[in-house]
Structure formats: structure tokens, C-alpha cells
Amino acid sequence: MGVHLGSIFDSAIKNTLFKDKSVLQTNYSPESIPHRDKQIEQVAGILAPVLRGERASNLFIYGKTGTGKTLSVQYVKNELLKKAEQLGVNLRIEYLNCKLKKVADTEYRILAALIQQLGGEISATGLPTDQVYNKFVQMIDSKKQVIVLILDEIDQAIKKMSDSFLYSLTRLNSELSQAQISLIGISNDVTFLENIDPRVRSSLGEEELVFPPYNALQLQDILNERSQCSFKEGVIDEGVVAKCAAFAAREHGDARRALDLLRIAGELSEREANNKVDLKYIDLANEKIERDKILDIVETATKQFQLILYSILSLTKNKKVPEMFTGDIYNLYQETCKRTKTEILTQRRVSDIIAEIDMLGLINANVISKGRHGRTREIKLSIPLQLFDKIEAILIESLGL
DNA sequence: AGGTATTCACATGAAACTATTCTCTGAGTTAGG
DNA sequence: TAACTCAGAGAATAGTTTCATGTGAATACCTGT
């Protein structure tokens with residue numbers, strides 16, 4: 001370690017740019033949520049009956065990532081709880097993110113997690129699901145109360161299990177003698193409700209609400225507000241916020257993305273011991289996000305995926321033309337498999353994996369017909385050049401070539 | 001020349017197979033009464 | 001005796017193979033001029 005770490009540490013300690021970086025981090029919840037007034041009012045309006053001790057309608061909320069769904073619902077939740085306390089109403093609102101792996105991505109785990117949140121205890125495994133379910137019902141029904149269950153990202157959970165779980169949840173009220181329960185489902189996938197049991201659909205979607213993406217101007221407002229709390233005065237150059245907003249607006253109005261962009265731009269600038277964040281750091285941040293995403297995909301992919309990607313990389317390197325076809329890849333892939341002593345998959349499967357790589361945006365594949373010479377995918381690598389070597393290194397390392 | 005029939009090299013679908021993970025059940029164990 | 005634990009049976013799941021069918025246009029093959 002003959003490097004001069006001193007200066008790096010020094011500039012990190014000085015922390016020249018940020019006042020409070022956590023404001024830009026994804027788990028931060030601001031006290032005001034710009035441009036979501038209408039949605040918040042609607043959610044509050046739908047849930048308001050719980051303050052009278054009555055059941056509220058089930059609610060289903062859609063919207064792309066970073067449109068403020070979770071934030072808004074949490075906000076309403078807190079306000080309702082405050083109000084309920086004033087009024088002395090017995091109200092419980094439980095929030096559960098179904099996407100968290102190993103916590104809440106199966107029927108059993110969701111129930112177990114809910115029981116825990118309600119103050120019960122449950123062993124992590126070993127009990128039949130319906131027993132857990134009964135315990136859950138008992139806990140809820142133990143006293144007169146109103147319960148609101150917020151299930152965030154249920155689309156993720158339902159993909160993994162049958163929709164009978166949701167059905168029984170929606171039917172819960174008929175099993176309860178004392179308590180009352182309402183469900184709020186939150187989903188990123190707009191088409192989610194379309195492919196589930198219509199009975200569930202009608203009861204879960206008693207009320208539906210759509211959170212539209214933010215446009216560039218709205219994103220600017222959000223960024224301005226947050227950057228004031230997070231950055232020191234005058235650190236942000238003219239136009240930086242606007243550019244962040246514009247970038248993120250292009251990517252389906254994702255506010256989270258916009259905030260990441262701003263934060264990373266700040267970090268990059270700080271790392272270079274600057275006392276300002278100027279426009280070029282937005283570009284750098286954007287590249288970094290993209291780069292990290294790609295590297296993460298490559299690193300965490302399966303062996304077979306990596307093998308095929310590696311074959312594509314090699315072909316790109318050895319040929320003058322950037323295009324190649326499924327057959328070329330498959331041939332080289334077979335050889336690579338032999339070299340690494342890996343099982344060779346069928347062409348059918350390789351074809352699917354190539355399609356997956358395409359979906360992830362690492363390559364650009366189009367089905368074309370070459371007439372007499374058949375029909376195939378025309379494939380071009382579409383990762384940034386600077387990443388080529390790095391990715392190749394990762395693959396070689398991981399495949400033991 | 002103009003039309004149509006073939007043919008290639010895969011794509012795309014459906015079903016079956018397989019290994020691994022999850023869920024569930026009952027036997028055995030423990031601890032408290 | 002009730003509660004708990006744990007191994008193994010059975011079900012669910014993901015990744016893959018097998019079999020079957022589909023596809024667009026360059027090229028081969030006609031056909032009548």
C-alpha cells in the first residue's frame with residue numbers, strides 16, 4: 001500500500017459539499033412531497049373511514065418506480081395514526097414490503113412477518129401455513145380494532161405464489177367477528193391486476209389509484225427542495241438540477257433515479273476535492289450508475305450466462321464486423337464449455353439466454369432473415385467501450401479461464 | 001422477365017424432465033405441571 | 001400433556017431438454033413470351 005491515502009482521507013473528512021447526504025438517500029422520507037397532493041388527498045379520503053372505526057375500501061395503487069407511491073402512503077399512514085391517537089381510535093396500520101428476499105417473499109413469510117409486526121411470535125419454519133394463518137386471524141381478531149395492511153410491491157410476491165393467498169386475505173373480513181381489515185396493495189407493474197383471479201381483482205381493487213411519472217419540471221422541484229437540505233449553500237452550479245431532472249425524466253420520470261444522480265454527482269465531485277458540483281459531474285454520475293448496473297449484472301449472472309456473454313465478447317474482438325449470429329456464438333460457446341469443462345446447453349436454451357442478455361441491454365439483437373441462409377438473430381454488443389476490458393476481466397476471473 | 005416453390009438456420013412454443021428448495025407431517029424430545 | 005424440534009415425504013420451483021412447428025426472404029426452378 002504505497003499509495004498516498006492521506007490526501008484522500010483528508011478530503012473525505014473535510015466533506016466540503018454536503019450538509020446532510022442522507023437527505024438524498026433512497027430511504028429518506030421528506031416532510032413534504034411535492035406534486036403528489038392530489039394522490040395523497042385521495043388516499044387519505046379513501047382511508048378516512050378508519051378514523052370512525054369503520055372499514056375502509058381496499059385500495060390498489062399502481063405506478064412506476066420512483067413515482068412516490070410508497071412515500072405518499074407512508075405519509076398518509078403517519079398522519080392517520082396521529083389523528084387516530086388524538087381521537088382515541090384503535091387503529092393499526094402495518095406496512096410490509098413483499099419484495100425483501102428472505103423476509104416476505106412467500107405466503108408463509110408474509111404471514112410470519114405480519115404476526116411479528118403485530119407483536120406475536122412465530123418460528124421461522126416448521127409450521128404448516130394454515131396454522132400460521134389461523135394464528136394471524138386470531139391475533140387480529142383478539143380485540144375490536146381496525147387494521148390496514150399495506151403490501152408494497154405485491155406483484156413481486158404474487159409472481160412467486162398463487163393468488164389464492166390474496167383471495168383469502170380479501171375474504172378475511174368475513175372470518176373476523178370483532179376486528180375489521182382493509183388492504184392496500186402497491187404495485188410497479190401496471191398490468192398486474194389484469195392477470196389475476198377476477199374475484200381477487202374486484203375485491204382488492206375496490207378503489208384504484210394511479211401515480212403518474214413525474215415530468216422534468218416536477219422533478220426539478222423535488223430536487224431543488226432536497227438539494228437545499230443536503231448540499232451546502234452555493235455548491236450546486238447553475239443548471240445542474242435541471243440537467244438531473246431532464247435525465248431522469250427521460251427514464252420514465254423516476255425521482256429516485258434523479259436523486260441518485262445528484263448524490264453521486266456530488267460524491268464524485270467531492271472525491272476530486274472540488275468545491276462545486278458542475279454539469280459535467282452529472283454526466284459522470286450517469287455513466288457511473290449505468291456502469292455499476294452493468295457490472296452488477298455481469299458479476300451476479302449464472303455461469304452459463306457468463307459463458308455466452310464471454311463468447312460474444314471474444315467474437316466481437318476477433319471480427320471486423322460488429323454483427324454476429326446465433327450460430328457463431330453457439331459454436332464458440334461449445335468450445336469454451338469444453339475448455340472450462342462445463343456442461344454444454346442446447347441451442348434452444350442458448351437462444352433463450354441470448355434473448356435474456358438482450359433484455360438486459362448488454363447486447364442488441366434483432367431477428368432477421370437471410371433468405372436462403374435462414375433466419376437468425378443479428379447480434380451486436382452494446383456495452384460502452386471503456387467497460388469492455390473490465391467485463392472481460394470479470395468473466396475470465398469468474399469462469400477460471 | 002415474372003411468378004412461385006424451396007430451403008436454410010434458426011426462432012418460438014409446449015411439454016416433459018430434473019435437481020433443488022419449500023412445505024408439511026408425524027415421530028421423537030423436552031419441559032413444565 | 002402440551003409444546004417444540006427435526007428428519008424425511010411430498011409439493012413447488014427454476015432451469016433445462018426434447019419434440020414440434022413456424023418464419024422471411026434469397027435462391028432455385030418454372031413458364032410462357
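Just so we're on the same page: letters track the sequence lines, and every chain starts at 1. Remember, predicted model here, so these are calculated numbers, not experimental data.
- In this structure, the nucleotide among dT12(B), dT18(C), dT27(C) sitting nearest to the side chain of V367(A) is dT12(B).
- Taking atom CG of N366(A) as the reference point, atom P of dT23(C) lies 19 Å away to the nearest angstrom.
- A distance of 13.0 Å separates CG of L262(A) from CZ of R257(A), quoted to the nearest 0.5 Å.
- Distance NZ (K370(A)) to P (dT27(C)): 11 Å, rounded to an integer number of Å.
- For R348(A), whose side chain is taken as the heavy atoms from C-beta onward, the closest listed nucleotide among dG13(B), dA11(B), dT17(C) is dG13(B).
- Considering only side-chain N and O atoms, S369(A) lies nowhere under 4.0 angstrom from the phosphate OP1 or OP2 of dT23(C).
- Between E206(A) and S57(A) the shortest heavy-atom distance is OE1-CA, 3.2 Å.
- The side-chain heavy atoms of I184(A) and L47(A), taken from C-beta on, include a pair separated by under 4.5 Å.
- If you check distances only, the side chain of R375(A) does reach the base of dT23(C) with a donor-acceptor pair under 3.5 Å.
- Counting only heavy atoms from C-beta on, T376(A) has its side chain closest to dC10(B) among dC10(B), dT12(B), dT27(C).
- Within the 4.0 Å cut-off from OP1 or OP2 of dC10(B), not a single side-chain nitrogen or oxygen of T326(A) is found.
- Rounded to an integer number of Å, the gap from L345(A) CG to dC10(B) C1' is 17 Å.
- In this entry the distance linking CE of M359(A) with P of dA11(B) reads 16 Å, nearest Å.
- At a threshold of 4.0 angstrom between heavy atoms, the contacts of I344(A) are confined to the sugar-phosphate backbone, with no base atom among them.
- For dA11(B), the OP1/OP2 oxygens have a side-chain nitrogen or oxygen of R377(A) closer than 4.0 Å.
- Residues R349(A) and E356(A) are paired through a salt bridge, judged by an N-O separation under 4.0 Å between the basic side chain and the carboxylate.
- One can place CD of E343(A) at 14 Å from C1' of dC17(B), the figure rounded to the nearest angstrom.
- For the pair E323(A) CD and dA9(B) P, the computed distance is 19 Å after rounding to whole Å.
- No side-chain heavy atom of Y28(A) sits under 4.5 Å from any side-chain heavy atom of L259(A).
- The distance from atom CZ of R349(A) to atom P of dC19(C) is 18 Å, rounded to the nearest whole Å.
- Distance, Y330(A) OH to dT17(C) P: 8 Å, rounded to whole Å.
- Residue side chain R372(A) does not reach the base of dG24(C) through any donor-acceptor N/O pair under 3.5 Å, judged by distance alone.
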